[in-house]
Amino acid sequence: MKNYLEKKIAARLEELNWPASDLQLSRPKKAENGDWSTSVAMGLARVARQAPLKIAETILTGIDFDPHIVSRYEIAPPGFINFFQAPDFLAHQIRQIVDLDHQYGRNEIGKDLKAQVEFVSANPTGPLTVGHGRQSVLGDTLASILEWSGYEVTREYYFNNAGRQMRKLGESLRARYLTLKGEPTELPEDGYQGAYLIEIARELLVQKPELSDTTDLKVFKEYAETGIFQIIKDTLARMGIIHDVFYNENSLYDDGKIEEVLSLLRQKNLVYEGDGATWFKTTGLGFDQDRVLVKSTGEPTYRLPDMAYHREKFKRGFDLIVDVFGADHQDTYPDVLAALNVMGFDTEKVKVVIHQFVTLMRGDEVVKMSTRKAEFVTLDELLDEVGVDVVRYFYIMRSANSHLNFDLDLAKRQTEENPVFYLQYAHARIASILRKAEERGITFDETVDLSLLVEPETLALINEMLTFPEMIVRCLRTLEIHHLPTYLYSLATALHKFYTEQRVISENIPLSQARLFLLKAVKLTLRNGLEVLGISVPERM
RNA sequence: GCUCCGGUAGCUCAGAUGGAUAGAGCAACGGAUUUCUAAUCCGUCGGUCACAGGUUCGAGUCCUGUCCGGAGUACCA
């Protein structure tokens, strides 16, 4: 419908020799203003030097609309043109949705394109916290949106097991191990105090009881890493999140990729030595200060491996690279992108999604968190308390740009009056009606007379359902996925209102069949939407 | 100081490409069920869209400045 109107009007504008640049069709908020509307006449007032109402009239008098698509149109002050869809066209679209079934909502924008989404990427020093949860769900859902748009998607987890953090972790495990063995040992300063390390130490003691304080730290480091990664992967799996690739920073050193980046930047005269360190001359690229690439200790900063890693992403042939970061990384990517640009890569392909922090609340109390001190609520604990569906929904129902207040008390209480259940209930409600119809022996197929669907609540429901594919595209274009839960919520509202006003199963068999057919379409739309969100789709509640 | 994010109803937040009377949930109050699931629906109350200018037919939305909150501004990641 939208494409049809755009084409028709654009053609007419060309005929009139008026610019079509600001031609846009939107869905009016109020049903009485039509199904589609354009303000193009008002935009042309200046160019055409005529009153908008007159312009609208001139445009419309030269167009013949197919009555099977546009039932009528009107001009409304101060110059809107409103179009009303023909019932035939609506019926046609409902049938199409049922035909498409699992495909409804998908598009082919990313057909034959490869995309990578990097998310979570927490170093394996402890279990995932409530803070990591937002990024986990955000990244996974973004990846789903890309898949629904035809991209071949790689979900990737990048981690660093080379630096100081991991050394501390190894030392902490060694201390725990020796203590368990009967040789009380103090945790190192800034060591990791979490109980999970005691568990891992206990397992290690069973498997390798012969280790001592002279054993290579590497043994403890690697054991800790493996153990903690298992915990992290288990947590993610509980939420249905599975990464295709775990990319290890160490490999960049082993393969000489770090050195390659350094020499590439050297060739561009963007590297110099100073104060015993190696610097990236970012001031030459428009930044306000230079950055250290290799510390005076000889260890690179995170920046250098990040550049090497992203270079590898490009070389792996991704057409779209999405990096999901927390707000604390907000300053780390501009110089990384600048370096890639210098190395000749098209950084337009990189989309950085920054999300603001999660503030964890217990009632009015802010819960302070520190991984090292083990003062945190783990994602696992949260999942235990409120369940996967609630966790997934809550993390993405708000814009990533907004701070998220996660009130634990509220989340726990919200097992009854919760937007997630509202959505699921809409689906279960339809399922129940369809079951009932089957019991009554009411059958229906694509030959039902859909022109019987005429009431305002019914049309509102249909129109809401028809915007689903647009919402997927919008999420893709903006990489802002909170639009989807917001949309599904309003679809559920439309369903509940319809349910309240119109009885589906009645003595009027043709009408019952038409409504059942509609509900079948609504049901699969809800299901597809919940699938994108990774939320379960109950047949009964 | 500089950079990024936010400021919309009592609270938590939606408001894409500037459009028609700024919305939802929660909270408060009042209604609806002989009927397909009341985990639902309807109504009432509630607004200086932080503030001040500007751009134009039209600004919550774009521009400039100010104020408030958060994040960053490392030879941590």
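The basis for the numbers below is simple: all heavy atoms, side chains too, and nothing from hydrogens, waters or symmetry mates. Every chain is numbered from 1, with letters handed out A, B, ... down the list of sequences.
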Checklist entry - Do we see a donor-acceptor contact under 3.5 Å between the side chains of A/S536 and A/Q424? => result yes

Item to check | Base of B/C36 paired with side chain of A/S432 (donor-acceptor, under 3.5 Å) | outcome: no

Checklist entry - How far, in whole Å, is B/G25 from B/U44 if one measures between their P atoms? => result 13 Å

Checklist outcome for this item: Result for 5'-nearest mapping on RNA chain B, choosing between A/T478 and A/P28, is A/T478

Checklist entry - Between B/U12, B/A77, B/C5, which one does the side chain of A/N401 approach most closely? => result B/C5

Next on the checklist: Between B/G46 and B/A24, how many Å separate the two C1' atoms, rounded to a whole number?
Outcome noted: 14 Å

Next on the checklist: Parallel, tilted or perpendicular: which one describes the rings of A/F444 and A/F517, with boundaries at 30° and 60°?
Outcome noted: perpendicular

Sequence neighbours left out, cut at 3.5 Å: what donor-acceptor pairs do the side chains of residues 427-439 of chain A make with other protein atoms?
| from | atom 1 | to | atom 2 | distance (Å) |
| --- | --- | --- | --- | --- |
| A/H427 | ND1 | A/P538 | O | 2.9 |
| A/R429 | NH1 | A/H496 | ND1 | 3.0 |
| A/R435 | NH1 | A/E539 | O | 3.1 |

Checklist entry - Does a donor on one side chain and an acceptor on the other come within less than 3.5 Å for A/S121 and A/Y247? => result no

Checklist entry - With sugar-phosphate meaning primed atoms plus P, OP1 and OP2, does A/T359 contact a base, only sugar-phosphate, or nothing at under 4.0 Å between heavy atoms? => result nothing

Checklist entry - Dot-bracket for RNA chain B, 5' to 3', with Watson-Crick and G-U pairs under 3.5 Å, [ ] for crossing pairs and | for other-strand pairs: what is it? => result (((((((..((((.....[...)))).(((((.......))))).....(((((..]....))))))))))))....

Item to check | Inter-nucleotide P distance (B/U56, B/U61), Å rounded | outcome: 16 Å

Checklist entry - What does A/Y422 touch in the nucleic acid at a heavy-atom separation under 4.0 angstrom: a base, only the sugar-phosphate, or nothing? => result sugar-phosphate

Checklist entry - Is there a stack between A/F80 and B/A20, judged by ring centres under 5.5 Å and planes under 30°? => result yes

Checklist entry - How is A/A428 classified with respect to the nucleic acid when contacts are heavy atoms under 4.0 Å: base, sugar-phosphate, or nothing? => result base

Checklist entry - Using atom C1' of each nucleotide, how far apart are B/A27 and B/U34 to the nearest Å? => result 34 Å

Checklist entry - Between the base of B/A20 and the side chain of A/N82, is there any donor-acceptor pair under 3.5 Å? => result yes

Checklist entry - Base, sugar-phosphate, or nothing: which does A/S296 touch, judged by heavy atoms less than 4.0 Å apart? => result base

Checklist entry - A/Y489 near the nucleic acid: base, sugar-phosphate alone, or nothing, with a heavy-atom cut-off under 4.0 Å? => result sugar-phosphate

Next on the checklist: Classify A/H482 by what it touches in the nucleic acid, base, sugar-phosphate, or nothing, heavy-atom distance under 4.0 Å.
Outcome noted: sugar-phosphate

Next on the checklist: Distance check needed: B/C36 C1' versus A/L516 CG, whole Å only.
Outcome noted: 9 Å

Checklist entry - Are A/R291 and A/F280 in a cation-pi contact, defined as NZ or CZ under 6.0 Å from the six-membered ring centre and within 45° of the axis? => result no

Next on the checklist: Heavy atoms only, 4.0 Å cut-off, all strands: where does A/D306 land among base, sugar-phosphate and nothing?
Outcome noted: nothing

Next on the checklist: At 4.0 Å (heavy atoms only), tell me whether A/Q424 reaches a base, stays on the sugar-phosphate, or touches nothing.
Outcome noted: nothing

Next on the checklist: Counting only heavy atoms from other residues, nucleotides and ligands, does the tally under 6.0 Å from CD of A/E273 exceed 12?
Outcome noted: yes

Next on the checklist: By the 4.0 Å heavy-atom rule, please label A/N33 as base, sugar-phosphate, or nothing.
Outcome noted: base

Checklist entry - Considering residues, nucleotides and ligands other than A/E74, do more than 12 of their heavy atoms fall under 6.0 Å from its CD? => result yes

Checklist entry - With a non-hydrogen cut-off below 4.0 angstrom, is A/Q502 in contact with a base, only sugar-phosphate, or nothing? => result base

Checklist entry - Which value, in whole Å, describes the distance between the P atoms of nucleotides B/C45 and B/U40? => result 23 Å

Item to check | Nearest-0.5 Å distance, CD of residue A/E470 to OH of residue A/Y487 | outcome: 9.0 Å

Next on the checklist: Any base atoms under 4.0 Å from A/R540, or only sugar-phosphate, or nothing? Heavy atoms, all strands.
Outcome noted: base

Checklist entry - Considering only the P atoms, how many Å lie between B/G70 and B/G31, rounded to the nearest integer? => result 44 Å

Checklist entry - Think A/T500 has a side-chain N or O under 4.0 angstrom from the OP1 or OP2 of B/C41? => result no

Next on the checklist: In whole Å, measure the gap between the P atoms of B/C57 and B/A52 for me.
Outcome noted: 24 Å

Item to check | C1' spacing across the pair B/G15 / B/C49, given as an integer number of angstrom | outcome: 11 Å

Item to check | By salt bridge (charged side-chain N to carboxylate O under 4.0 Å, His left out) - contacts of A/D323 (at least two apart) | outcome: A/K313

Next on the checklist: Base, sugar-phosphate or nothing for A/S490? Non-hydrogen atoms, less than 4.0 Å.
Outcome noted: nothing

Checklist entry - Looking only at N and O atoms, is any donor in the side chain of A/S37 or the base of B/A20 less than 3.5 Å from an acceptor on the other one? => result yes

